[in-house]
Structure formats: structure tokens, C-alpha cells
2 protein chains.
Amino acid sequence: MDYETVLRAAGLRITRQRRTILAILAEDDDHPDALALYRRASRIDPSISLSTVYRTMKVLEEKGAIQRHTFEGGPARFEQAGGRHHDHLIDIETGEVVEFRSDRIERLQEMIAEELGYEIVSHRLELYGRRRKAD
Amino acid sequence: MDYETVLRAAGLRITRQRRTILAILAEDDDHPDALALYRRASRIDPSISLSTVYRTMKVLEEKGAIQRHTFEGGPARFEQAGGRHHDHLIDIETGEVVEFRSDRIERLQEMIAEELGYEIVSHRLELYGRRRKAD
DNA sequence: TTTTGCATTGCAAATCATTTGCAAAGAAGC
DNA sequence: GCTTCTTTGCAAATGATTTGCAATGCAAAA
Ligand SMILES: [Mn+2]
Ligand SMILES: [Mn+2]
Ligand SMILES: [Zn+2]
Ligand SMILES: [Zn+2]
């Protein structure tokens, strides 16, 4: 876990519950919401609270260690940061999240912002779809 | 207002408050949230309630007459549907929303979904940025 | 190690945007 | 105008997330 380094560097303390949550984020490579994270963490440390999950997500987000996504409808979902940038396709039937990236789209976004006189600080591209029948 | 036709066709009743809200949506061409809409409506009809604004937005959304956007941070914002599809650039300083469209991006999205074995049902592309200094 | 100080936790209560139950008021069709 | 079904305003409920607070626990210092 390199997360601990991030925490220490930020002057944050490494607690049992943070270690637990961070381990889960590092191992599982999906996009769990706070409740899912809480349930997984509870299996390891039954004394952990949902508040702590939320607080940890908030602090990690501020430190840039995780990313928060708010897909349509549902609650916020999280994933560890640090990988290279990507966007998401959400399966509207299952809620599953598929990652993808397109340098061409990224470039086009820049061009558009530029033309409009803006400098992009962040962006969000989400595709919502259903699996194509392959019969 | 062609909204009334939409309402009637859906078997909905045309009330004073709906007429008021619809007129505002038709005239103003920005992306107000429920509270802003409520305030504007109140000026015309002081007896209108925030609940009614929310209920009207919900019903109009279901009928496809308006679109709901949930930009990062803030509450849902609305705009009349019917224009051609476009995406949004949000000025993170002012909250102002600039519309844009890119056929090239739209096409790329389709290709990506196709490659991943998905059929796009909807999508969301939002650029968050700040105005470029032009000095 | 122990001590000490400040951060973090669990819990319950608060918040915020949005929805909903309900009784009263209002459309629409007759 | 009468009847029926819808819509409204209000207050209370919701759901996700945050926060106050007293208790607990890190971690740096002694
Ligand atoms: Mn991801
Ligand atoms: Mn728009
Ligand atoms: Zn991207
Ligand atoms: Zn688009």
C-alpha cells in the first residue's frame, strides 16, 4: 500500500479503519459506493462505522488518493486514483462499470474548450448503455 | 407554448402554476435549478410552491418535455427539451453553462460503445473550466 | 516505555435536495 | 353547475452524506 505514504505525507494518522478501507480499495478493482465499502470493511473489522467510510473517502479525495464518481441515479462510487485517466460506460441493467479511454475525444474536448475561450479544469464523460445481444 | 399540447396529449391538466413554470422555461434560455425556477415563478404567481416546481419538473421530464442535468456539486438544473442534442461546459467560477456540440465526439462515443459490446442509451459529457485570460 | 496533545472514531442528530401523504382546491367533460 | 379525477400547498418523510461531541487512539516527545 502506497496509500500510507500519502496519508503520512499529509500529516494524517494511520488508523486500523483507514488501513482496512485502503486495503479494500487497493485490492478490489471495481467502483463500490460507500455502503458497499462499508460492508466489505465490516467483514474485516466489524467495529468500523459508515461515517468513517465517508470521512475516509472525503479525506482521501482531498489528498488526491481516490476519485469520486456520481453516476446518474445512484450514490457516489469510488476508485483508487493513480491509474491513468479514463472515462466510464455504465451498464444500465447491471450497474457494472466499464472503463475506456479515447485520446481523440480528450483532444477534441480541449479544442472545444479552447474555441469557447475556456480552460478545462476537469471533465466527465459517461456512456450509459446496455449490452448488445450477440445472437 | 407548445408545452400545453404535450401536457394535453399526456392527459395532464393545465393548471395556472404549470402554465407559469412552462412560460419561464420557454422564455429564459439558461439552466435554472428548482429553487431558481421557484423564485422566478413566485414573482408571477406568489402562491406557487416549491413542491409544485419539483413535481412539474418530474412530470415534464417523464413526458420528455424537459431535460434534467445534475452537474457536479449542485442541485439538478433544467432546460426545455426539443432543441437538438448538445453537451455542456460549466464555468466553475460562475456556474454559467455554455452549450456545445461535437458530431465527431458523438461518433467516437458510438464507436467506443460498439467496440465494448454496448449500445448507448444515453450519455453525459461535461467540461468544467474557467474562462481563459485574454490579456 | 509513559506521557501528552491532537486526530480520529462511533453514534446520534443535522443537512440538503427531493419526494410524498393528505386534505383542500381546481380542471375537464358532461 | 355537477361529478370525477388531478393537482396543489403544506408538513413530514426520504436518502445520501455530513457533523457535533465525548470517548478513544495515534504518534511524537519526554
Ligand atoms: Mn474507473
Ligand atoms: Mn443545455
Ligand atoms: Zn476523459
Ligand atoms: Zn453529447
Side-chain angles (χ1 to χ4, degrees), chain A residues 1 3-24 31-39 41-63 65-78 95, chain B residues 1 3-24 31-39 41-63 65-78 95:
Chain A
M1 283 90 268
Y3 271 134
E4 302 209 355
T5 315
V6 176
L7 289 184
R8 278 190 208 289
L12 296 174
R13 292 183 179 174
I14 300 190
T15 64
R16 177 170 38 84
Q17 23 282 86
R18 282 182 179 163
R19 231 191 284 273
T20 302
I21 295 172
L22 296 178
I24 292 171
H31 301 73
D33 60 28
L35 195 60
L37 224 35
Y38 167 67
R39 283 201 254 261
S42 296
R43 226 172 295 130
I44 300 169
D45 171 3
S47 81
I48 207 168
S49 79
L50 183 53
S51 293
T52 293
V53 172
Y54 275 114
R55 272 192 282 235
T56 301
M57 290 304 97
K58 171 167 269 208
V59 113
L60 288 182
E61 186 186 14
E62 280 160 3
K63 300 312 172 196
I66 64 156
Q67 265 188 269
R68 170 193 307 261
H69 302 294
T70 314
F71 301 131
E72 308 229 288
R77 299 172 65 165
F78 310 90
Chain B
M1 286 89 263
Y3 270 133
E4 302 210 355
T5 316
V6 175
L7 290 183
R8 279 190 207 288
L12 296 174
R13 292 183 180 173
I14 301 190
T15 64
R16 179 170 35 86
Q17 23 282 87
R18 282 183 179 161
R19 230 191 285 273
T20 302
I21 295 172
L22 296 177
I24 292 170
H31 300 73
D33 61 27
L35 196 60
L37 224 35
Y38 167 66
R39 284 201 253 262
S42 296
R43 225 173 297 130
I44 300 169
D45 171 4
S47 80
I48 206 167
S49 79
L50 183 54
S51 295
T52 293
V53 172
Y54 275 113
R55 272 192 281 238
T56 301
M57 290 304 98
K58 173 168 268 212
V59 112
L60 287 182
E61 186 186 15
E62 281 161 2
K63 301 312 172 194
I66 65 155
Q67 266 188 267
R68 169 194 309 262
H69 303 294
T70 315
F71 301 131
E72 308 229 290
R77 299 172 65 165
F78 310 90

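Any value given below was found using the heavy atoms of this structure, including those in side chains, with hydrogens, waters and symmetry copies removed. Residue numbers begin at 1 in each chain, while the letters A, B, ... track the order of the sequences. Because the structure is a prediction, the values reported are computed rather than measured.
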When you measure from the side chain of [X], which nucleotide among [options] comes out closest?
X	options	value
B:Ser47	D:dT17, D:dG9, C:dT9	D:dG9
A:Pro75	C:dG26, C:dT18, D:dA16	D:dA16
A:Arg18	D:dT7, C:dT8, C:dT18	C:dT8
B:Ala76	C:dC11, C:dA28, C:dT18	C:dT18
A:Thr15	C:dT9, D:dC10, C:dA28	C:dT9
A:Ser51	C:dA12, D:dT4, D:dA27	C:dA12

Is [X] touching bases, backbone alone, or none of the nucleic acid, heavy atoms closer than 4.0 Å?
X	value
B:Arg55	base
A:Leu35	nothing
B:Arg68	nothing

Considering only heavy atoms from C-beta outward, does the side chain of A:Ile48 approach that of A:Ile21 to under 4.5 Å?
->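 SC-SC contact between A:Ile48 and A:Ile21 confirmed.
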Sidechain-backbone polar pair: A:Arg77 side chain, A:Phe71 backbone, donor-acceptor under 3.5 Å |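 Checked: no pair found.
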Just to confirm, is there a sub-4.0 Å distance from OP1 or OP2 of [N] to any side-chain nitrogen or oxygen of [X]?
X	N	result
B:Gln17	D:dG9	yes
B:Tyr54	C:dT19	no
A:Arg8	D:dA27	yes
B:Lys58	C:dT18	no

To the nearest angstrom, how far is [X] atom [atom1] from [N] atom [atom2]?
X	N	atom1	atom2	answer
B:Arg16	D:dT8	CZ	P	9 Å
B:His69	C:dA17	NE2	C1'	18 Å
A:Arg19	D:dG25	CZ	P	15 Å
B:Ile48	D:dC10	CD1	P	11 Å

In Å, rounded to the nearest 0.5 Å, how long is the span from OG1 of A:Thr52 to CE of A:Met57?
->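 Here the interatomic distance stands at 10.5 Å.
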